[in-house]
Engineer: 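Would you mind keeping the following structure in view while I ask a few things?
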2 protein chains.
Amino acid sequence: MSAEDNLLKLVEAEEPDENDYRLQEQVGFILRKAHQRHVSIFAAHIADLTPPQFAALAKLRDVGETSQNQLGTLIAMDAATVKGVIDRLKARGLVDLSKHEVDKRRLLVNLTAEGRDAVERLIPLARDITQETLAPLSAKEIATFMKLLAKLA
Amino acid sequence: MSAEDNLLKLVEAEEPDENDYRLQEQVGFILRKAHQRHVSIFAAHIADLTPPQFAALAKLRDVGETSQNQLGTLIAMDAATVKGVIDRLKARGLVDLSKHEVDKRRLLVNLTAEGRDAVERLIPLARDITQETLAPLSAKEIATFMKLLAKLA
DNA sequence: TTGATATCATTTGCATACGAATGAATTCCG
DNA sequence: CGGAATTCATTCGTATGCAAATGATATCAA
């Protein structure tokens, strides 16, 4: 057997896909597509709010008044991003802002009555969105998937 | 038992989470976080290219010359998005553009020599990125997760 | 052939998303 | 106490991501 043959065999045995890189099989690529699909389903059910905007409202419903930064932490948005989201919700009258009495750095965010009504109205639709997003999976698969996805996030 | 008690019991029995909506448990929210984490891991390994930019280069390596729109389809980007990505890659000399001889609507995209070198150099890092993204899971869990994620995407 | 339709690319507008820099206010610690 | 470090918010710049509108070209069908 020639030296070339040995090398070839070695490569085939240890690095069968040395030259191979399948983008379509990489977790990042598929994650991005799955996320895109979800956003699209969301938009089909809730046309006048984006997923981050809804997340902000839903979290405010949970925790009540919080500072803008704290809210960002709760919904996984950095300070710059959450500011934009809150600004747009404020412009639409769904939240209002006030200064923290003691700590003058903090900007307190609250649901308005209209904002609260909106969340309550939208939560059933949000449940539908979750369901439709997971529709390709069986109940058992959903349980497995959610467990594993949570580990990755 | 009072009417109120009956109502309460009914609610508890049939709709235990009527008033409950846990944002943190919704697929969309976790999917967004998992995606964020992946992008962050990507940036830590490949600082000078974004995931979409790398996706474009990796796909061009696979398929060779294609039209801009076709490339967009292959990497799941709409026409407006892919244009921006390709413009930036062109500005950095990693791809070049030419007109289709026959169909004058089409803009052909190709890797430059530099672009090809870059992809080849980055693919090992991309493998590391995939591995690190999936690191919280065991080998068996990875297989399961990828199968289910693919169904959702 | 020609008129309707479809495809390719571009542009505009809006909404995340994040790094980096900045300023104001608070907290921590020596 | 008082300076250093931290936290909160804002701003700027850059990069997706998509809907909608537009123009150019190609294709299809009557």
Side-chain angles (χ1 to χ4, degrees), chain A residues 28-29 31-44 46-57 65-92 94 97-109, chain B residues 28-29 31-44 46-57 65-92 94 97-109:
Chain A
F29 184 79
L31 222 37
R32 175 170 148 272
K33 288 216 301 177
H35 181 247
Q36 279 176 3
R37 173 170 168 272
H38 171 261
V39 171
S40 163
I41 291 170
F42 188 102
I46 300 181
D48 59 343
L49 230 47
T50 64
Q53 288 167 1
F54 177 75
L57 297 182
E65 187 175 65
T66 6
S67 75
Q68 193 176 261
N69 259 18
Q70 175 61 17
L71 180 60
T73 300
L74 293 171
I75 58 181
M77 279 177 221
D78 76 3
T81 302
V82 81
K83 185 191 190 320
V85 172
I86 295 302
D87 280 354
R88 285 180 282 277
L89 291 175
K90 175 176 165 47
R92 293 175 50 179
L94 300 176
L97 306 177
S98 56
K99 299 219 164 188
H100 191 288
E101 291 296 323
V102 177
D103 187 340
K104 294 176 188 170
R105 294 170 307 180
R106 295 192 202 172
L107 187 63
L108 295 175
V109 189
Chain B
F29 184 79
L31 222 37
R32 176 170 148 271
K33 289 215 302 176
H35 182 247
Q36 280 177 3
R37 173 168 168 273
H38 171 261
V39 171
S40 163
I41 291 171
F42 188 102
I46 301 181
D48 58 344
L49 230 47
T50 64
Q53 288 167 0
F54 177 75
L57 297 182
E65 188 175 65
T66 7
S67 76
Q68 194 176 261
N69 260 16
Q70 175 61 18
L71 180 60
T73 300
L74 293 172
I75 57 179
M77 279 177 221
D78 75 4
T81 301
V82 81
K83 184 190 189 320
V85 172
I86 295 302
D87 279 354
R88 284 180 282 277
L89 292 175
K90 175 176 164 49
R92 293 175 52 178
L94 300 177
L97 306 177
S98 56
K99 300 219 162 186
H100 191 287
E101 290 297 324
V102 177
D103 187 340
K104 294 177 189 170
R105 294 170 305 178
R106 296 190 200 174
L107 187 64
L108 296 175
V109 188

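Proteins come first, then strands; the chains are lettered A, B, ... in the order of their sequence lines, and each starts at number 1. The structure presented is a predicted model; accordingly, all values stated were derived computationally and were not measured.
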Engineer: Please state how far atom NZ in B:Lys90 lies from atom C1' in C:dA9, giving the value in whole angstrom units.
Structural biologist: 15 Å
Engineer: Which heavy-atom pair separates B:Val109 from B:Ser67 by the least distance, and what is that distance?
Structural biologist: CG2-C, 4.4 Å
Engineer: Rounded to whole angstrom units, what separation is found between the CZ atom of B:Arg92 and the P atom of D:dT14?
Structural biologist: 14 Å
Engineer: Among residues 102-109 of chain B, which ones have heavy-atom contacts with DNA chain D below 4.0 Å?
Structural biologist: B:Val102, B:Asp103, B:Lys104, B:Arg105
Engineer: Considering only heavy atoms from C-beta outward, does the side chain of A:Gln68 approach that of A:Lys83 to under 4.5 Å?
Structural biologist: yes
Engineer: Determine the minimum heavy-atom distance between A:Ser98 and A:Glu65, stating which atoms define it.
Structural biologist: OG-OE2, 3.9 Å
Engineer: Nearest whole Å is fine: how far is D:dT16 P from B:Leu71 CG?
Structural biologist: 13 Å
Engineer: Please tell me if the side chains of A:Arg37 and A:Ile41 come closer than 4.5 Å, counting only heavy atoms from C-beta onward.
Structural biologist: yes
Engineer: Side-chain N or O of B:Thr50 versus OP1/OP2 of D:dT16: is the shortest distance under 4.0 Å?
Structural biologist: yes
Engineer: Going by heavy atoms closer than 4.0 Å, what residues in residues 32-40 of chain A are next to DNA chain D?
Structural biologist: A:Arg32, A:Gln36
Engineer: Do side-chain atoms of B:Gln36 reach the backbone of A:Ala76 as a donor and acceptor pair under 3.5 angstrom?
Structural biologist: yes
Engineer: Going by heavy atoms closer than 4.0 Å, what residues in residues 74-89 of chain B are next to DNA chain C?
Structural biologist: B:Ala79, B:Ala80, B:Lys83
Engineer: Between C:dT7 atom C1' and B:His100 atom NE2, what is the distance in whole Å?
Structural biologist: 13 Å
Engineer: Over how many whole Å does the gap from B:Lys99 atom NZ to C:dT7 atom P extend?
Structural biologist: 21 Å
Engineer: Does a side-chain heavy-atom distance below 4.5 Å link B:Pro51 with A:Arg32?
Structural biologist: no
Engineer: Pair B:Asn69, B:Thr73 - check side chain to side chain contact (heavy atoms under 4.5 Å, CB included), show working.
Structural biologist: CA-CA 6 Å; B:Asn69 260 16; B:Thr73 300; 5.6 Å; no
Engineer: Locate the shortest heavy-atom distance separating B:Thr66 from B:Gln70; write the atom from each residue and the value.
Structural biologist: CG2-CG, 3.3 Å
Engineer: What heavy-atom pair brings A:Ala55 and A:Ile75 nearest, and what distance separates the two atoms?
Structural biologist: O-CG2, 3.7 Å
Engineer: Indicate whether OP1 or OP2 belonging to D:dT16 is found under 4.0 Å from a side-chain N or O atom of B:Gln53.
Structural biologist: yes
Engineer: In whole Å, what is the span from the CZ atom of B:Phe42 to the P atom of D:dA15?
Structural biologist: 14 Å
Engineer: Indicate yes or no: at least one non-hydrogen side-chain atom of B:Arg92 is less than 4.5 angstrom from one of B:Asp48.
Structural biologist: yes
Engineer: Starting from C1' on D:dT16, measure out to CG on A:Leu31 and report it in whole angstrom.
Structural biologist: 16 Å
Engineer: Output, in order, the C-alpha distance, side-chain angles, deciding distance and verdict of side chain to side chain contact (heavy atoms under 4.5 Å, CB included) for A:Leu107 and A:Ile86.
Structural biologist: CA-CA 11 Å; A:Leu107 187 63; A:Ile86 295 302; 5.9 Å; no
Engineer: Rounded to the Å, how far apart are A:Glu101 CD and C:dA25 P?
Structural biologist: 15 Å
